[in-house]
Amino acid sequence: MLIANILHIVLGGVIIIKEKPAFCDAINALHYCTHIVIHVFEKHIVLVAIVVGLFAFTFRFIPELHWWPLLIGWDTPEYVAHLLDFREKLNPFTSYYWMGGLRNTPPLLPMLLVPFTYFVDAWYLFKFYPSIAYAFMASLSAILAMEIDERRKWWIGLLSGFLTTIYVLNLRISWDYQRQLLGSVILLATILVLEKWREPKTPKHALSVLLLLVACGLSHEVTGFAGFILSLVLLYHGLKNRNTTTSIVGTVGLTVNTVLEIWYWRRPYSFVSTVGVLPPGLVASYEGDQALSYLVAGYGLILPLALIAMSKSRARYTTIVTIALLVAGISPMIAPFSSVTTWYRFLIGATPLVTTLATIGLVRATSDWRVLVAYLLIASLPGLSFAYGYNWFFTYYESLREFPPRLAPSPVYMDVYEFFKNNKELVENTVIIAWADHARYIHLAIRNPDPARFIWISNPWDLTNDTICRVIEQTGVEVVIIVGLHIDTNTTQYTCLEELKTLSEGPSWIHLAIAKKHRISS
C-alpha cells in the first residue's frame with residue numbers, strides 16, 4: 001500500500017497496470033456466449049434432450065455412487081436374481097421364481113439386459129441401468145413437451161426435463177420399480193411418436209407404432225394397460241376415418257396387450273365375492289382414503305397445472321393416457337368393489353406424463369420467470385430430500401404407499417448372500433424358510449429355485465409349528481433351514497423337530513431344523 005501511494009504521488013495520477021479486460025467485458029462475453037447457446041439449442045433441438053439426459057443421469061447416479069456397491073431399492077436384488085435365472089432358462093414366456101412363487105413376469109427388461117451379463121456382473125448392471133433408463137425418461141419428457149406445446153421452444157423442453165428429473169414420484173419409480181421404469185421410457189416414446197405422426201401414415205410408421213405398443217405390454221402391467229388404451233384410441237380413429245393401416249395397428253396392439261395382461265394374471269378374469277366375475281386385475285379395495293392421500297401428496301403441486309395444459313392442448317394421446325392412468329389410480333375412491341389392484345402403481349405410472357404437462361401448464365399460467373423459478377425450487381425439495389437424504393419430509397412420505405424415506409438400499413444382508421453362495425451343497429436336499437428381507441439375498445445365490453423348497457415369510461414372527469410341520473410333511477425333507485425368523489430354540493415347541501440349532505459357521509439368524517427320526521452331522 002505504501003509503495004502504491006508513493007508511486008501515485010511521484011507520477012501524479014492513477015497507475016493503469018492493465019487496461020483490459022474490464023468487468024463489463026466479462027458481462028458482454030457472457031451475454032454473447034448465452035446468445036450462441038440459445039441459437040445452438042434453437043437450431044439443434046436434440047441438444048436439449050442430451051443436456052437433460054446428462055443431468056438426469058448424474059442426478060440419479062450420485063446416490064448409486066454414494067452407496068456403492070450396494071444395490072439401491074428393496075426389489076432390486078430380486079431383479080438381479082431374476083436376470084440370472086432368466087439367463088439360465090432364456091425363455092421369455094415361462095414362469096420364473098419371483099418373491100416366493102412362480103410368476104409370469106413381463107420379459108422385456110431381462111431380454112434387453114441378459115446379453116450384457118456375459119460381459120458384466122448382473123449386480124453392476126443394476127447399479128447403472130436405473131440411471132441410464134432415468135436419463136432416457138427425462139430426455140423423452142423434454143422432447144414430448146416441445147412436441148405438444150405449440151410454441152415448441154427449447155427452454156420449455158429444458159424445464160420439462162428438469163421437473164421430470166427432480167420430481168419425487170419419478171425418482172420413486174427408479175428406486176426399485178425397475179420394470180416399470182423401462183415401461184415408462186417406452187410409453188413416453190410411444191406417445192411422442194403418436195403425437196408427432198397423429199396416425200400411422202405409412203407401413204414404416206405402422207410397424208414402428210406397433211412395435212412400441214407391443215413393447216409397452218412386454219415391459220410392465222401398468223404400461224401394458226396404457227398400450228391397451230392407446231391401441232383402443234387408434235382403432236377408434238382408424239374406423240372413424242376409414243384408415244385401414246391405423247385400424248390394423250390398433251387391432252393388433254389391442255389384441256397383443258390384452259393377451260399379455262391375461263398371461264400376467266394367468267387367467268382372463270378376476271372373481272370378487274361382492275360383485276362376481278370381473279376382468280383380470282380388478283379386486284375389491286377399501287383404500288379410498290389412502291388413494292386420496294396419495295393423490296394429494298403426490299400430485300398436489302403439479303396436477304392443477306397439468307389439467308390446465310390438457311384443457312388447452314391438442315395432445316390427445318398424452319391427455320387420454322394420463323387420464324386413464326389417473327382414473328385407474330384413484331379407482332378405490334370411485335369403485336371400491338372393482339378397483340384396480342396395486343392402484344398406486346397406476347398413479348405413480350402417470351407421473352412422467354403429468355410432470356411433462358405440468359411444465360407446459362406452468363409456462364402458460366405465468367409470464368414472470370421469477371414465479372416459474374420459485375415454483376420449480378419448491379417442487380424440487382421433496383425430490384432432493386428423497387435423493388440425497390436431507391430428512392425433511394418423513395411425514396410427507398408416510399402418505400405414499402411403498403415409499404421409503406431415502407433413495408438408498410433397503411435392509412442389506414450381504415452375510416446371508418455370502419453364506420449361501422459359499423454353501424450351495426447345504427441347500428440341495430433341504431427347504432429354506434426365510435423372512436423376505438433375507439430371502440432376496442438368498443435368491444441371489446440360488447438359480448431358479450422351487451417355490452415349495454424356498455419359502456418367503458413376510459413377517460418374522462409368523463413362523464409357527466404348523467408351518468414347519470406342513471413343509472416337512474409335504475416335501476419329505478430331513479432338514480429345514482430357517483433364516484431371519486423368530487423361533488423358539490426350545491425344540492419342544494415344534495412337534496415335528498428332533499433338533500434345532502444355530503449354524504456355527506453362519507450368521508446367528510440362520511438355524512438348522514432337523515426332522516424327527518432323522519439325524520445329520522453338523
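Positions are given from 1, in the same order as the sequence printed here.
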State, to 0.1 Å, how close [X] and [Y] come at their nearest heavy-atom pair, and which atoms those are.
| X | Y | value |
| --- | --- | --- |
| L144 | L188 | CD2-CD2, 4.0 Å |
| Q180 | I173 | C-CG2, 4.2 Å |
| P77 | R440 | CG-NH1, 3.9 Å |
| G217 | L260 | C-CD1, 3.6 Å |
| R266 | L102 | NH2-O, 3.2 Å |
| V283 | V340 | CG2-C, 4.5 Å |

Over 60° means perpendicular and under 30° means parallel, so tell me whether Y96 and F86 are parallel, tilted or perpendicular.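 Ring orientation, 0 to 90° scale: tilted.
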Taking the six-membered ring for Trp, are F228 and F225 parallel (under 30°), tilted (30 to 60°) or perpendicular (over 60°)?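 F228 vs F225 ring planes: parallel.
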Distance, nearest 0.5 Å, that separates [atom1] of [X] from [atom2] of [Y]:
| X | Y | atom1 | atom2 | result |
| --- | --- | --- | --- | --- |
| I330 | Q290 | CD1 | CD | 15.0 Å |
| W67 | K127 | CH2 | NZ | 10.0 Å |
| T105 | M99 | OG1 | CE | 11.5 Å |
| L234 | N243 | CG | CG | 9.5 Å |
| I229 | T223 | CD1 | OG1 | 12.5 Å |
| L362 | I302 | CG | CD1 | 11.5 Å |

Sub-3.5 Å donor-acceptor pair from the side chain of [X] to the main-chain atoms of [Y], do we have one?
| X | Y | answer |
| --- | --- | --- |
| E199 | G238 | no |
| S385 | L381 | no |
| Y317 | R198 | yes |
| D121 | W123 | yes |

Salt bridge or not between E287 and R401? Use side-chain N to carboxylate O under 4.0 Å.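 Between R401 and E287 there is a salt bridge, with a charged N closer than 4.0 Å to a carboxylate O.
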Pair E221 + R103, salt bridge at N-O below 4.0 Å: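 So E221 pairs with R103 through a salt bridge.
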Can a donor-acceptor pair be found between the side chains of Y344 and E402 at a distance below 3.5 Å?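 Checked: Y344/E402 side chains pair up, N/O donor to acceptor below 3.5 Å.
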Would you check if there is a donor-acceptor pair between the side chains of D437 and W74 at a distance under 3.5 Å?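 Yes, because at least one side-chain N or O of W74 sits under 3.5 Å from a partner of the opposite role on D437.
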With heavy-atom distances below 4.5 Å as the criterion, would you say the side chains of [X] and [Y] are in contact?
| X | Y | answer |
| --- | --- | --- |
| T246 | N241 | no |
| L376 | L159 | yes |
| V354 | Y167 | no |
| F55 | F162 | yes |
| P409 | L71 | no |

Kindly state whether the ring of [X] and the ring of [Y] have centres lying under 6.0 angstrom apart.
| X | Y | answer |
| --- | --- | --- |
| F386 | F403 | yes |
| Y79 | Y177 | no |
| Y124 | W68 | yes |

Any chance you could lay out the side chain to side chain contact (heavy atoms under 4.5 Å, CB included) test for L113 and F126, step after step, and finish with the verdict? CA-CA 9 Å; L113 293 183; F126 278 95; 3.7 Å; yes
Using a cut-off of 6.0 Å, state whether more than 12 heavy atoms not belonging to [X] lie near its atom [atom1].
| X | atom1 | result |
| --- | --- | --- |
| Y264 | OH | yes |
| R267 | CZ | yes |
| F136 | CZ | no |
| Y236 | OH | no |

List the steps and the verdict of ring-ring contact (aromatic ring centres under 6.0 Å, His included) for F61 and F128. CA-CA 8 Å; F61 194 60; F128 285 91; 5.1 Å; yes
Considering residues at least two apart in sequence or located in another chain, which fulfil the side-chain hydrogen bond (donor to acceptor under 3.5 Å, both in side chains) criterion with S231?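 Listed in chain order: nothing, the list is empty.
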Knowing that exactly one of T355, T351, N170 qualifies, which makes a side chain to side chain donor-acceptor pair (under 3.5 Å) with T164?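 Between T164 and the candidates, side chain to side chain donor-acceptor pair (under 3.5 Å) is satisfied uniquely by T355.
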Go through it in stages, so that I can follow the logic: the residues are F454 and Y97, the test is ring-ring contact (aromatic ring centres under 6.0 Å, His included), and I'd like the CA-CA distance, side-chain angles, deciding distance and then a yes or no. CA-CA 10 Å; F454 182 23; Y97 188 92; 5.3 Å; yes
